[in-house]
Amino acid sequence: MIEKINALLAEVETLAANDEKELEALRIKYLGKKGLINELMADFRNVPGDRKREIGIRLNELKTALQDRLNALRAELATHEEDHSGLDLTRTPYPVRLGTRHPLSIVRNEIIDIFSRLGFSMADGPEVEDDWHVFSSMNFAEDHPARDMQDTFFIEQHPDIVLRTHTSSVQSRVMETTQPPLRVICPGRVYRNEAISARAHCFFHQVEGLYIDKDVSFTDLKQVLLTFAREMFGADTRIRLRPSYFPFTEPSAEMDISCNICGGKGCSFCKHTGWVEILGCGMVDPNVLEANGIDSNIYKGYAFGMGVERITNLKYQVSDLRLFSENDVRFLDEFMAAN
């Protein structure tokens, strides 16, 4: 039996495997239930008592040597699999498909950049809001149509919790926690209960702005908006302000820009008027200031709000709002150069 053990010990030193399959075959051959080691263990019962100690020690040496060799082979295979010496790691994979930012992200970032250069900081808030921050703090009457189910998504069983219909709720949160002077823009997604079509969607994106300080005037608002329009649409862009109504501003206005397609001469896009409406604005109503803990006898302010989809439509002449949310790669690829 000693001769068999010595022969196997010599054999173990020469064991080799090119892959995991061959390694597993070696393990079964020597250590499996019907393997050579188990056969020797079965023969060990017939060894005379005076030789059991000697042969037992040699058997253990064989078993240990075999296990060590199998482990070494396993480590060699693992190292071989991770060896990239034959690869050129500096080579660029081909073809490489370059991605692009979404057109709404491109325009949103451009709007933020323009107002950041004008001294506005960015503020954010929750999309699931309470009635106070969305409506009451913004001077909406209890019977205002915007509170109706036709315009607002309410959370079931929680009538005071809604999906925000505008980012003015962020303005309210800023006013609650920050004393003037303050100058912020509030970009974000908003939700309204509207039928989806080429001109409307149940969710869209807004950027609203708020500036509160002493001695703020409508002239300040007009100059900021004129600067924005020329930065966004070109140095020759003209603006006009038309009287309007919003619960949270007084006086209020809607702002038009000269059509950037026809240059104000009149075309089908501007309905031959030469003007296109892009945002609403006005001086912050004193009731809004007081509701949010700001003394309206000391401070004044202006606010404005625009739809990112609207600005994107004007900038890139996108005719169907649904294209922004359908993830059509062919549509998105058109904005690769705008990144």
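- Between Phe246 and Phe248, the ring planes are parallel. Angles under 30° get that label, and only those over 60° would be called perpendicular.
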Exercise for review: Evaluate the criterion salt bridge (charged side-chain N to carboxylate O under 4.0 Å, His left out) for residue pair Arg173 and Glu129; output intermediate values, then yes/no.
Suggested key: CA-CA 11 Å; Arg173 290 185 175 274; Glu129 265 288 10; 2.6 Å; yes

Practice item. Take Asp151 and Thr165 through the side-chain contact (heavy atoms from CB on, under 4.5 Å) test and state the conclusion after the steps. Key: CA-CA 8 Å; Asp151 295 308; Thr165 58; 5.9 Å; no

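- Ion pairing between Arg74 and Glu24 fails under the 4.0 Å rule for side-chain N and carboxylate O.
- Rounding to the nearest 0.5 angstrom, the gap separating the CE atom in Met138 from the CG atom in Asn287 is 11.5 Å.
- For Lys222, there are no salt bridge (charged side-chain N to carboxylate O under 4.0 Å, His left out) partners at least two apart in sequence or on another chain.
- Side chain of Ser258 to main chain of Arg238: a donor-acceptor pair is present (N/O by atom type, distance under 3.5 Å, no hydrogens or angles).
- The cluster map of Ile, Leu, Val, Met, Phe, Trp and Tyr, joined by side-chain heavy atoms under 4.5 Å apart, puts Ile155 and Tyr191 in the same cluster.
- Across Glu208, Gln206, His133, a single residue satisfies side-chain hydrogen bond (donor to acceptor under 3.5 Å, both in side chains) together with Ser168, and that is Glu208.
- When hydrophobic residues (I, L, V, M, F, W, Y) are linked wherever their side-chain heavy atoms come within less than 4.5 Å, the members clustered with Phe204 are Val190.
- A distance-only check finds a donor-acceptor pair linking the side chain of Asp19 to the backbone of Glu22 [under 3.5 Å].
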Review point. Is there a side-chain contact (heavy atoms from CB on, under 4.5 Å) between Leu279 and Ile311 once you walk through the steps?
Key: CA-CA 9 Å; Leu279 58 83; Ile311 303 297; 6.0 Å; no

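- The nearest pair of heavy atoms linking Ser296 to Glu290 is OG-OE2, 2.7 Å.
- Counting heavy atoms from C-beta on, the side chains of His201 and Glu194 never come closer than 4.5 Å.
- Here the side chains of Val288 and Thr249 are not in contact, with every heavy-atom distance at 4.5 Å or above.
- Among residues two or more places apart in sequence or in another chain, the salt bridge (charged side-chain N to carboxylate O under 4.0 Å, His left out) test is passed with Asp295 by none.
- Hydrophobic clustering (ILVMFWY, side-chain heavy atoms < 4.5 Å, transitive): Ile212 and Ile298 are in one cluster.
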Exercise for review: Given ring pair (Phe, Tyr, Trp, His ring centres under 6.0 Å), test Tyr211 with Tyr302 step by step and report yes or no.
Suggested key: CA-CA 5 Å; Tyr211 176 42; Tyr302 62 70; 5.4 Å; yes

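- No side-chain donor-acceptor contact under 3.5 Å links Thr178 to the backbone of Met175.
- Of all heavy-atom pairs spanning Leu221 and Ala303, the tightest one is CD1-O, 4.4 Å.
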Practice item. Just do the side-chain contact (heavy atoms from CB on, under 4.5 Å) check on Trp132 and Glu176 with the steps written out, would you? Key: CA-CA 12 Å; Trp132 165 258; Glu176 284 180 342; 3.2 Å; yes

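- For the pair Pro187 and Val207, the tightest heavy-atom approach, listed with the atom from each and the gap, is CB-CG2, 3.8 Å.
- Distance check, rounded to the nearest 0.5 Å: CZ of Phe228 to OG1 of Thr237 gives 10.0 Å.
- At distances below 3.5 Å, at least one donor-acceptor pair connects side-chain atoms of Asn292 with backbone N or O atoms of Ser137.
- For His205 (side chain) and Leu104 (main-chain N/O), no donor-acceptor pair under 3.5 Å exists by modelled atom type.
- In this structure the side chain of Tyr299 never reaches within 4.5 angstrom of the side chain of Val284, judged on heavy atoms.
- Leu26 is listed as a side-chain neighbour of Leu73, based on a closest heavy-atom distance under 4.5 Å.
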Please table the atom pairs, donor to acceptor, closer than 3.5 Å between any side-chain atom in residues 114-124 and protein atoms at least two apart or in another chain.
| residue | atom | partner | partner atom | Å |
| --- | --- | --- | --- | --- |
| Ser116 | OG | Ile112 | O | 2.7 |
| Arg117 | NE | Asp113 | OD2 | 3.2 |
| Arg117 | NH1 | Glu231 | OE1 | 3.4 |
| Arg117 | NH2 | Asp113 | OD2 | 3.2 |
| Arg117 | NH2 | Glu231 | OE1 | 3.4 |
| Ser121 | OG | Arg183 | O | 3.3 |

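- Side-chain contact check for Met255 versus Ile278: some heavy-atom pair is nearer than 4.5 Å.
- In this structure, Leu23 CG and Lys21 NZ are separated by 13.5 Å, a value rounded to the nearest 0.5 Å.
- Residue pairs that meet the salt bridge (charged side-chain N to carboxylate O under 4.0 Å, His left out) test with at least one member in residues 245-261, sequence neighbours left out, are Arg240-Asp256, Arg242-Glu254, Arg242-Asp256.
- Through ILVMFWY side-chain contacts below 4.5 Å, Trp275 is grouped with nothing and stands alone.
- Between the Arg192 side chain and the Thr152 main chain, no donor and acceptor come within less than 3.5 Å of each other.
- Residues Val276 and Leu314 meet the side-chain proximity criterion, which asks for heavy atoms closer than 4.5 Å.
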Check your understanding: Between Ile106 and Lys315, is a side-chain contact (heavy atoms from CB on, under 4.5 Å) present by the stated rule, with each step listed?
Key -> CA-CA 11 Å; Ile106 296 172; Lys315 196 170 181 66; over 6 Å; no

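- Of the possible polar contacts, one joining the His166 side chain to the Val134 backbone as a donor-acceptor pair under 3.5 Å is found.
- A donor-acceptor distance shorter than 3.5 angstrom exists from the side chain of Asp220 to the backbone of Ser217, with no hydrogens or angles considered.
- Side-chain atoms of Asp213 do not come within 3.5 Å of backbone N or O of Pro181 as any donor-acceptor pair.
- A heavy-atom distance below 4.5 Å is not found between the side chains of Phe135 and Ser169.
- No side-chain donor-acceptor contact under 3.5 Å links Ser105 to the backbone of Arg101.
- Between the OG atom in Ser325 and the CD atom in Glu309 there is a gap of 8.5 Å [rounded to 0.5 Å].
- Taking all atoms of both residues into account, the shortest heavy-atom contact from Ser197 to Leu321 is O-CB, 4.3 Å.
- Nearest heavy atoms, Cys281 versus Leu241: SG-CD2, 4.0 Å.
- Counting non-hydrogen atoms of neighbouring residues, nucleotides and ligands closer than 6.0 angstrom, the CG atom of Asn71 exceeds 12 such neighbours.
- Atom-to-atom distance recorded for Asp333:CG and Asp328:CG is 9.0 Å, nearest 0.5 angstrom.
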Practice item. Carefully, step by step, assess Lys29 and Glu11 under the rule salt bridge (charged side-chain N to carboxylate O under 4.0 Å, His left out). Key: CA-CA 12 Å; Lys29 176 182 177 181; Glu11 187 177 319; 3.7 Å; yes

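- Closest heavy-atom contact between Cys186 and Thr167: O-OG1, 3.1 Å.
- Side-chain atoms of Ile161 and Phe154, non-hydrogen and from C-beta on, never get closer than 4.5 Å to each other.
- Hydrophobic clustering (ILVMFWY, side-chain heavy atoms < 4.5 Å, transitive): Ile196 and Phe203 are in distinct clusters.
- Taking CD1 from Ile257 and CZ from Arg230, the interatomic distance works out to 12.0 Å, rounded to the nearest 0.5 Å.
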